[in-house]
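This report refers to the structure that appears directly beneath it.
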Amino acid sequence: MALATKTELNPEVKAERILCVIADDHELVRYGVRRLLEDTNDFVVVGEASDAAQALKCTLEHRPDLVLLEIGMPGMSSFEAARLIGEHCPSARIVYLTMREDKEHVRRAMHSGASGYLLKDAPMPLLLGALRDVGRGERAWSQRIVHLLRQEAPRRERAAHVAMRRNNLTAREQEVMRLLAEGRTVRLVAAELGVSVKTVEAHKFNLMRKLDIHNKAQLVTAAIRRKILPAPVPM
């Protein structure tokens with residue numbers, strides 16, 4: 001539903017106000033957000049949409065400054081619409097205005113290039129202030145979302161540390177891996193390297209733990225994948 005276009009606005013108003021598209025599958029929500037925005041001197045609502053596909057079309061038509069997107073509208077994904085908006089109308093900033101605050105939706109919102117993730121139950125002054133910040137080129141995230149991201153940060157760091165640890169074999173572990181993958185027993189590997197059987201068993205345990213492998217076949221496959229062992233030549 002188009003409400004106004006840039007060409008219909010007074011040039012002085014265009015320079016001062018933030019042009020918005022509101023996309024939500026609930027008409028009452030759209031009405032409330034439109035009233036909230038238009039009761040200020042900062043915003044002009046140039047279009048409304050009831051799904052993400054309409055939001056994309058409306059954005060391409062009116063070239064707004066802000067696009068307010070609900071998550072989970074029927075049809076096209078809001079995240080896909082945001083990606084396409086960023087590709088075809090990069091000056092439009094995406095703000096997700098939603099009640100969804102789970103980490104998966106927040107993660108997808110961040111990856112879609114959003115400038116904001118705001119919850120609908122935010123106090124009106126804070127919501128308007130956040131939208132003004134985004135209109136000025138800043139980013140805005142509801143406090144509960146910021147708290148969620150802070151909780152997730154240590155988990156992501158631990159996961160990255162584990163992944164890095166798994167991917168980094170020492171030179172001796174790579175050597176033990178190669179010899180075992182070639183078919184030598186632990187005792188033969190120990191004799192060839194001039195170390196104790198217990199030392200080889202410790203290296204074997206560490207490399208299998210790092211790479212999360214549990215048997216000889218997986219060890220051979222991992223050695224080939226990491227180019228520690230040459231791939232077999234097809235016959």
Side-chain angles (χ1 to χ4, degrees), residues 1 18-34 36-37 42-160 163:
M1 172 185 173
I18 300 169
L19 308 185
C20 305
V21 165
I22 303 169
D24 196 293
D25 52 335
H26 291 93
E27 184 177 0
L28 187 60
V29 172
R30 296 198 306 273
Y31 174 79
V33 173
R34 185 177 75 242
L36 174 66
L37 296 178
D42 304 271
F43 302 94
V44 176
V45 178
V46 296
E48 293 183 25
S50 59
D51 58 45
Q54 289 181 14
L56 173 60
K57 181 179 178 181
C58 196
T59 299
L60 296 180
E61 179 181 356
H62 298 294
R63 303 283 167 171
D65 304 303
L66 292 185
V67 181
L68 309 184
L69 283 176
E70 170 59 283
I71 296 172
M73 293 182 289
M76 173 189 283
S77 162
S78 294
F79 303 116
E80 176 64 10
R83 185 188 69 79
L84 291 171
I85 288 170
E87 182 178 336
H88 297 287
C89 187
S91 62
R93 300 181 183 92
I94 303 296
V95 175
Y96 292 99
L97 183 59
T98 182
M99 283 306 299
R100 299 172 185 247
E101 49 185 303
D102 58 284
K103 61 184 179 182
E104 177 61 20
H105 283 108
V106 174
R107 181 188 66 80
R108 294 185 67 186
M110 295 178 70
H111 288 174
S112 72
S115 295
Y117 196 106
L118 305 174
L119 300 177
K120 290 178 179 177
D121 62 357
M124 288 188 293
L126 291 181
L127 179 59
L128 289 171
L131 293 177
R132 291 185 183 104
D133 289 343
V134 176
R136 288 192 295 264
E138 301 175 19
R139 294 181 179 272
W141 304 83
S142 287
Q143 281 300 314
R144 295 208 300 274
I145 301 304
V146 172
H147 181 66
L148 176 67
L149 293 175
R150 286 174 178 167
Q151 285 182 319
E152 285 299 304
R155 297 191 187 104
R156 288 197 299 270
E157 289 173 2
R158 286 195 296 270

Correct closest heavy-atom pair for Ser78 and Met73 would be OG-CE, 3.5 Å

Heavy-atom closest pair, residues Cys58 and Gly47
SG-CA, 3.6 Å

Is the shortest heavy-atom distance from the side chain of Met76 to the side chain of Leu84 under 4.5 Å?
yes

Tightest non-hydrogen contact, residues Ala55 and Ala49, listed as N-CB, 3.3 Å

Evaluate the side-chain proximity of Ile85 to Val67: yes if any heavy-atom separation is below 4.5 Å, no if none is.
yes

Look up atom CG in Leu19 and atom OG1 in Thr59, then write down how far apart they are to the nearest 0.5 Å.
11.5 Å

Evaluate the side-chain proximity of Cys89 to Arg63: yes if any heavy-atom separation is below 4.5 Å, no if none is.
yes

How many angstroms lie between CD in Glu80 and CG in Leu56, if you round to the nearest 0.5 Å?
9.0 Å

Are Tyr117 and Met110 side-chain neighbours, meaning at least one heavy-atom pair lies under 4.5 Å?
no

Side chains of Ser77 and Arg83, heavy atoms from C-beta outward: is any pair under 4.5 Å?
no

Could you please spell out the steps behind the side-chain contact (heavy atoms from CB on, under 4.5 Å) verdict for Phe43 and Asp65?
CA-CA 10 Å; Phe43 302 94; Asp65 304 303; over 6 Å; no

Residues in side-chain hydrogen bond (donor to acceptor under 3.5 Å, both in side chains) with Lys120, at least two apart?
Asp24, Glu70

Crowded around Glu138 CD? As in, over 12 foreign heavy atoms under 6.0 Å?
yes

Met99 atom CE: more than 12 heavy-atom contacts under 6.0 Å:
yes

I'd like to check Leu37 versus Leu128 (side-chain heavy atoms, cut-off strictly below 4.5 Å). Are they in contact?
yes

Look up atom OG1 in Thr98 and atom NE2 in His105, then write down how far apart they are to the nearest 0.5 Å.
7.5 Å

If I compare all heavy atoms of Pro74 with all of Ser50, which pair ends up nearest, and what's the gap?
CD-O, 4.5 Å

Once side-chain hydrogen bond (donor to acceptor under 3.5 Å, both in side chains) is applied, do any residues pair with Ser112, and if so which ones, sequence neighbours excluded?
Tyr96

Begin with the C-alpha distance, continue with both residues' side-chain angles, and end with the deciding distance and a verdict on side-chain contact (heavy atoms from CB on, under 4.5 Å) for Leu68 and Leu131.
CA-CA 9 Å; Leu68 309 184; Leu131 293 177; 3.7 Å; yes

Shortest non-hydrogen contact between Ala140 and Leu118, atoms and distance
O-CD2, 3.8 Å

Side-chain touch Phe79/Leu69, heavy atoms, less than 4.5 angstrom
no

side-chain contact (heavy atoms from CB on, under 4.5 Å) between Val29 and Leu97, intermediate numbers included:
CA-CA 10 Å; Val29 172; Leu97 183 59; 5.9 Å; no

Keeping to residues at least two apart or across chains, list the salt bridge (charged side-chain N to carboxylate O under 4.0 Å, His left out) pairs with something in residues 91-101.
Glu101-Arg144

With rounding to the nearest 0.5 Å, note down the distance linking CG in Leu66 to OG in Ser115.
8.0 Å

